[in-house]
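In what follows, a structure is listed as structure tokens, so that the remarks can point back to it.
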Amino acid sequence: MALAPKTRELAKRSGKFLEEALYRRLFREGNAPMTVRNKLEEFLKSHKRVHKWEVGAAIRRLRDHKLFRPALKVFDMLDSIGGHLMSKLSEVMSKRGMNLTVSDQAIHLDLVAKARGISSAEEYFVNLPDDSKNHLTYGALLNCYCKELLSEKAEALMDKMKELGFASSPMAYNSLMTLYSKTDQQGKISSIIQEMKANDVTPDCFTYNIWMRSFAAMKDIPEVERVIEEMKRDGRVEADWTTYSNLASIYVDAGMFQKAEDALKELEKMNTTHDAVAYQFLITLYGRTGNLVEVHRVWRALKVARPKMVNMSYLNMIQALVNLKDLSGAEECFKEWDNKHASYDIRIANILIKAYIDEGMLDKANDFKKHAKERGGRLNPKTWEIFMNYHLKNEDIKKAHWCADRAIKKGRSLGRIWVPPSEAITAIMAYFEKMKDVSAAEEFIELLQKVQKDLGPEVFESLIRTYANAGMKSPGIRRRLKMENVVVSSDTEKLLDSISNE
């Protein structure tokens, strides 16, 4: 779904159409999931029309922000396949004259997998008409299997694609190699490369990047360097800046900082289009080599190349400066961002809040949190997690519990799920045991179960000890454990007799 020329975006819109481009309407008040969902629902109820290119742009933005369910809802506007409309929304939108191409269906399949699971994606694929089952939709399903690390299904589908002649591009092979990389089967990647050569499938930059990474995982730097030299000799694939960011990252991981910086110089030469993401990689990787001078030089170059700086660039720079212990530089960069941007991004504030916390500057971290709220920033679960970890480290479990409570509730209010780390849950439950606070323990478990279905036996064993310490009864505890499918230890089983009337 390619974006239409800018002239189409600016064309005068009739009264039947939405007053502005759909993606602008959805993200007008920020990218919080709940906000975007509400804007989408408003649009669907409006009965306004939009151009198909707008839907494509909206879907890309939603995918970029990992808002897969809203993206799928938008896609339902396009779905006009008889008998397989994904929801009542698509029934409304199909009347607006939008039909899916095979390329659209491949993207739709990927969204179904992310939003509803792999079995739903398989069902969607099976129900596609035969002429829609080509290299695009097969490739999309293969990619879903690979992302879910379903090796057997991925390999079987790849064999089917070869049989049908759908494996003539590097994309399918790249998906399979990514799977092998993630499942620690690095040895299979070289075999895939040899198969590609035998079948005259031309590799792309991503192919070489995965191949280099496979040798890096085996700590074989000479082989990494052999791959980059083979890429240069091949001539069919021209290296781009991602090739050298990948190589530099490998060198950094290996502690070979001079070679990493040499690769970063090549990266900079390759970035002829002044890609902001390339600058972000340069800043991050120079930061990891400890070269503060180069970090500042690249930052200045980015500001010249891209005067209209986005939040992500500031976030990346401030994080690099914090990692390099240049707290004053990070504060200066934050002030520059704070003065220029009306829309407050709490993720940027969180970096400095954590930096202050790590330095033991709790008062300054609290002042910064207060400033963020005054500027219209919406604290998120990460904000509260930072404070929770500080209080856990300082053994102030009461305050840590309060922060965990805030983080869970804040996540739910933003349409996100945040679950405390297991060590935090253990410490908080142990605190309730010590304080003999059955009520607080039960409330905490009730809240946890809203964000995590299976809490495990340790949480319930701690609850049972809390009841025992408090000398209180829990008449239905055995039935409750059975419903939760929890099996407790023999020592805890003995305590059950003292607190249960069953």
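- A salt bridge links Glu230 and Arg226; the closest N-O separation between the charged side-chain nitrogens and carboxylate oxygens is under 4.0 Å.
- Defined by atom type and a distance below 3.5 Å, a donor-acceptor pair is present between the side-chain atoms of Tyr145 and Glu122.
- Remark: the Thr242 side chain and the Asp240 side chain contain an N/O donor-acceptor pair separated by less than 3.5 Å.
- Annotation: the span from Tyr138 atom OH to Leu157 atom CG amounts to 7.0 Å, rounded to 0.5 Å.
- The distance from atom CG of Asp220 to atom CD of Gln186, rounded to the nearest 0.5 Å, is 11.5 Å.
- In plain terms, the two heavy atoms of Gln280 and Asn316 that are nearest each other are O-ND2, 2.9 Å.
- No hydrogens or angles considered: nothing links the side chains of Asp262 and Tyr251 as a donor-acceptor pair under 3.5 Å.
- Residues Met212 and Asn209 meet the side-chain proximity criterion, which asks for heavy atoms closer than 4.5 Å.
- The two atoms that bring Cys146 and Ala154 nearest to each other are SG-CB, 4.0 Å, heavy atoms only.
- Using a cut-off of 4.0 Å between Lys/Arg side-chain N and Asp/Glu carboxylate O, Arg297 and Glu268 are scored as salt-bridged.
- Put simply, CD1 on Ile386 and OH on Tyr390 are 13.5 Å apart, with the number rounded to the nearest 0.5 Å.
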**Message:** Go through it in stages, so that I can follow the logic: the residues are Trp211 and Phe206, the test is ring pair (Phe, Tyr, Trp, His ring centres under 6.0 Å), and I'd like the CA-CA distance, side-chain angles, deciding distance and then a yes or no.
**Reply:** CA-CA 9 Å; Trp211 195 11; Phe206 192 65; over 10 Å; no
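- We find the CG-CG distance between Leu302 and Leu282 to be 9.5 Å, quoted to the nearest 0.5 Å.
- Residues Leu247 and Tyr244 have side chains in contact (heavy-atom distance under 4.5 Å, counting atoms from C-beta outward).
- The aromatic rings of Phe334 and Phe368 lie tilted to each other, with the angle between the two planes from 30° to 60°.
- Counted by atom type alone, Thr426 and Glu458 present zero donor-acceptor pairs between their side chains at under 3.5 Å.
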**Request:** For side chain to side chain donor-acceptor pair (under 3.5 Å), just list the numbers for Thr207 and Asp204, CA-CA rounded to whole Å, side-chain angles, deciding distance to a tenth of an Å, and then say yes or no.
**Result:** CA-CA 5 Å; Thr207 309; Asp204 58 16; 2.8 Å; yes
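- Looking at Asp326 and His296, their side chains come closer than 4.5 Å, going by heavy atoms from C-beta outward.
- Between Glu385 and Arg406 there is no salt bridge, since none of the side-chain N atoms of the basic residue sits less than 4.0 Å from a carboxylate O of the acidic one.
- Note: Tyr124 and His108 have tilted aromatic rings, judged against thresholds of 30 and 60 degrees for the angle between ring planes.
- Using a 4.0 Å cut-off between a side-chain N of Lys or Arg and a carboxylate O of Asp or Glu, Lys153 and Glu148 do not qualify as a salt bridge.
- Of the inter-residue distances, the one linking Trp384 atom CH2 with Asn389 atom CG reads 13.5 Å to the nearest 0.5 angstrom.
- Side-chain atoms of Gln105 and Thr137 form no donor-acceptor pair, as typed in the model, at a separation below 3.5 Å.
- Proximity of Ile193 to Pro203: side-chain heavy atoms (C-beta onward) are nowhere separated by under 4.5 Å.
- Between Leu321 and Ile318, the closest side-chain pair of non-hydrogen atoms is not below 4.5 Å.
- Salt bridge absent: Glu195 and Lys188 never bring a charged side-chain N and a carboxylate O closer than 4.0 Å.
- Among Val277, Thr272, Leu264, the single residue meeting the side chain to side chain contact (heavy atoms under 4.5 Å, CB included) criterion with Trp241 is Val277.
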**Item:** Test ring pair (Phe, Tyr, Trp, His ring centres under 6.0 Å) applied to Tyr314 and Trp299, step by step
**Value:** CA-CA 9 Å; Tyr314 279 98; Trp299 177 246; 5.2 Å; yes
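- Atom CE of Met231 sits in a crowded spot, with more than 12 heavy atoms from other residues, nucleotides or ligands closer than 6.0 Å.
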**Request:** May I have the step-by-step check of side-chain contact (heavy atoms from CB on, under 4.5 Å) for Lys335 and Lys340, ending in yes or no?
**Result:** CA-CA 9 Å; Lys335 287 177 185 175; Lys340 286 184 177 180; over 6 Å; no
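- Shown here is Glu238, whose CD atom has no more than 12 heavy atoms of other residues, nucleotides or ligands within 6.0 Å.
- In this structure, Asn350 and Lys354 have side chains that are not in contact, with every pair of non-hydrogen atoms separated by 4.5 Å or more.
- Judged by a 6.0 Å distance limit and a 45° cone about the ring axis, Lys399 is not positioned over the six-membered ring of Phe387.
- Side-chain contact between Pro170 and Thr202 is absent, with no heavy atoms from C-beta onward closer than 4.5 Å.
- Ionic pairing of Glu331 and Lys364 is present here: one or more N-O contacts between side-chain nitrogen and carboxylate oxygen are shorter than 4.0 angstrom.
- Heavy-atom minimum distance, Ala400 versus His391: N-CB, 3.7 Å.
- For Lys219 and Asp253, the salt-bridge test fails: no basic side-chain N is under 4.0 Å from an acidic carboxylate O.
- Distance OG/Ser413 to CZ/Arg378: 6.0 Å, rounded to 0.5 Å.
- Side-chain atoms of Asn246 and Ser249 form no donor-acceptor pair, as typed in the model, at a separation below 3.5 Å.
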